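All residue numbers in this chain count up from 1 along the given sequence. As the structure is a computational prediction, the values presented were derived from the model and not from experiment. Just so it is clear, the values below take in all heavy atoms, side chains as well, and ignore hydrogens, waters and symmetry mates.
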Amino acid sequence: MPLLFRRASLASLGLAFGLSALCLSPVMAQEAAPAAPADAATAPAAAPVDPNAVVATVNGQPLTEADLVLAEGELSQQFAQLPPEQRRAAALSAAIEIRVMAAKAVTDGLDKDPDFQRRMAFLQQRALHGEMVEKGVVDKVTDAEIRARYDQEIANTPPVNEVHARHILVKTKEEAEAIIKQLDGGADFQKLANEHTSDPSGKSNGGDLGWFGPGQMVPEFDKAAFALEVGKYTKEPVQSQFGWHVIKLEDKRAKQPPAFDDVKDQAKQAVIRDKYFALVKSLRAGAKVEIPDAKLKQAVDTMEAGK
């Protein structure tokens with residue numbers, strides 16, 4: 001139901017949901033890891049893995065299962081083309097490479113560089129921001145809140161009709177008028193559609209378009225179809241960018257809202273979004289923020305007001 005809930009993806013919450021290098025938690029990293037094979041459900045359950053188990057040592061320093069999970073999550077895109085059985089080895093190789101290069105950077109004093117320290121401070125803040133979102137927002141969302149948001153969206157959505165129609169598409173107005181004349185004489189719409197329509201999908205099903213809602217067809221067709229009474233056909237040809245149509249309305253009904261299970265994830269994301277912005281608003285209200293540049297301050301205030 002794309003128009004009922006605006007998807008509140010992690011990225012849509014800005015830095016809160018921007019997962020990048022050096023700021024993934026083990027849980028997030030596991031979620032980003034490649035999906036298990038389809039037959040995994042029938043395989044025996046894997047034994048629990050100790051996150052503190054050492055898989056390698058680098059210059060005497062342990063590299064654990066938890067570190068490997070982080071590496072797999074961080075580098076999942078790079079590993080996407082590898083067979084599953086090679087990804088673990090690739091992740092370990094990458095983690096070792098990172099360790100030895102990082103050690104060399106410390107030896108060379110690169111960790112003392114002011115620009116590097118600023119980046120590290122920002123990455124730490126962003127990682128803590130992500131933890132706050134996960135622990136203080138996402139983990140606190142309840143099933144009752146998700147259901148309530150779904151019910152609220154359904155209640156606030158105006159009822160919409162959808163129609164079941166057929167059409168006969170021809171190249172000229174004269175052809176359409178001739179078909180309407182035959183219909184007026186009692187000809188069968190489906191038979192005429194099979195014989196005359198230039199719509200390839202309608203040549204074997206009597207021009208059947210199935211059910212559709214407002215806005216799904218080109219405007220001229222949409223207006224004409226929804227104006228018809230059930231069982232009636234257009235008495236004048238309807239022109240669109242595709243040609244000339246003769247339309248018959250088979251049925252009309254109120255569009256049913258999507259089932260809760262079908263949009264539960266979207267409803268949950270909407271709850272997360274609202275909780276996130278409420279938390280940010282309360283924290284911003286208690287923070288002393290000064291922006292000396294008047295233009296920049298106005299731009300920021302405008303952006304904040306739109307959230």
Taking all atoms of both residues into account, what is the closest heavy-atom pair of V218 and Q241, and its distance?
-> CG1-OE1, 3.7 Å
dist R88:CZ -> L82:CG (nearest 0.5 Å) comes out at 15.0 Å
For atom CD of Q298, decide whether the heavy atoms of other residues, nucleotides or ligands shown that lie under 6.0 angstrom number more than 12.
-> no
Would L169 and V163 show up in the same hydrophobic cluster when neighbours are defined by side-chain heavy atoms closer than 4.5 Å?
-> yes
If you look only at pairs with a residue in residues 154-182, which of them pass as a salt bridge (Lys or Arg N to Asp or Glu O under 4.0 Å), with sequence neighbours excluded?
-> E162-R253, R166-E250
Within residues 275-295 or reaching into it, pairs that qualify as salt bridge (Lys or Arg N to Asp or Glu O under 4.0 Å) - sequence neighbours excluded = E145-K275, R284-E304, K288-E290
Please, which pairs that meet side chain to side chain donor-acceptor pair (under 3.5 Å) have at least one residue in residues 200-221, sequence neighbours excluded?
-> H164-D208, D199-S201
Checking side chain to side chain contact (heavy atoms under 4.5 Å, CB included) for the pair L192/F189: CA distance, chi angles, key distance, verdict?
-> CA-CA 5 Å; L192 290 178; F189 192 98; 5.9 Å; no
Give a yes or no on whether V137 and L283 share a hydrophobic cluster (residues Ile, Leu, Val, Met, Phe, Trp, Tyr; joining criterion: side-chain heavy atoms under 4.5 Å apart).
-> yes
With sequence neighbours excluded, tell me which residues meet ring pair (Phe, Tyr, Trp, His ring centres under 6.0 Å) with H196.
-> none
Do any N or O atoms from the side chain of S282 and from the backbone of L279 form a donor-acceptor pair under 3.5 angstrom?
-> yes
Any residue meeting side-chain hydrogen bond (donor to acceptor under 3.5 Å, both in side chains) with D108, in chain and number order, not counting sequence neighbours | K104
Work out which heavy atom in G231 is nearest to a heavy atom in K248; give both atom names and the distance.
-> O-CE, 3.9 Å
Return each pair, listed once, that meets salt bridge (Lys or Arg N to Asp or Glu O under 4.0 Å) where at least one residue sits in residues 232-247; pairs must be two or more places apart or across chains.
-> D184-K235
Partner set under side-chain hydrogen bond (donor to acceptor under 3.5 Å, both in side chains) for D67, not counting sequence neighbours = T64, R99
Should V54 and L70 be regarded as members of a common hydrophobic cluster, given that ILVMFWY residues are connected when their side-chain heavy atoms come within less than 4.5 Å of each other, either directly or indirectly?
-> no
For residues 116-124, please give each side-chain donor-acceptor pair under 3.5 Å, one per line with the distance, not counting sequence neighbours.
from: Q117; atom 1: NE2; to: D111; atom 2: O; distance (Å): 3.3
from: R118; atom 1: NH2; to: D115; atom 2: OD1; distance (Å): 2.2

Evaluate whether atom NZ of K255 has more than 12 neighbouring non-hydrogen atoms of other residues, nucleotides or ligands under 6.0 angstrom away.
-> no
Quick check: are there more than 12 heavy atoms from other residues, nucleotides or ligands sitting under 6.0 Å from CD of E85?
-> yes
Residues passing the salt bridge (Lys or Arg N to Asp or Glu O under 4.0 Å) test with D113, sequence neighbours excluded, are none
If two hydrophobic side chains count as joined below 4.5 Å and joins carry through other members, does I146 share a cluster with F277?
-> yes
Okay, side chain of T157, backbone of E153: is any donor-acceptor separation there less than 3.5 Å?
-> yes
Is there any ring pair (Phe, Tyr, Trp, His ring centres under 6.0 Å) pair reaching into residues 228-271, and which pairs are they, with sequence neighbours excluded?
-> Y150-F260, H167-H245, F221-H245
Identify, with sequence neighbours excluded, every residue that meets side chain to side chain contact (heavy atoms under 4.5 Å, CB included) alongside I98.
-> none
Using side chain to side chain contact (heavy atoms under 4.5 Å, CB included) as the criterion, list what pairs up with N52, not counting sequence neighbours.
-> D50
Path from F79 to I96 over hydrophobic side-chain contacts below 4.5 Å | no
Distance-only, no hydrogens or angles: does the D222 side chain make a donor-acceptor pair with backbone N or O of P214 under 3.5 Å?
-> no
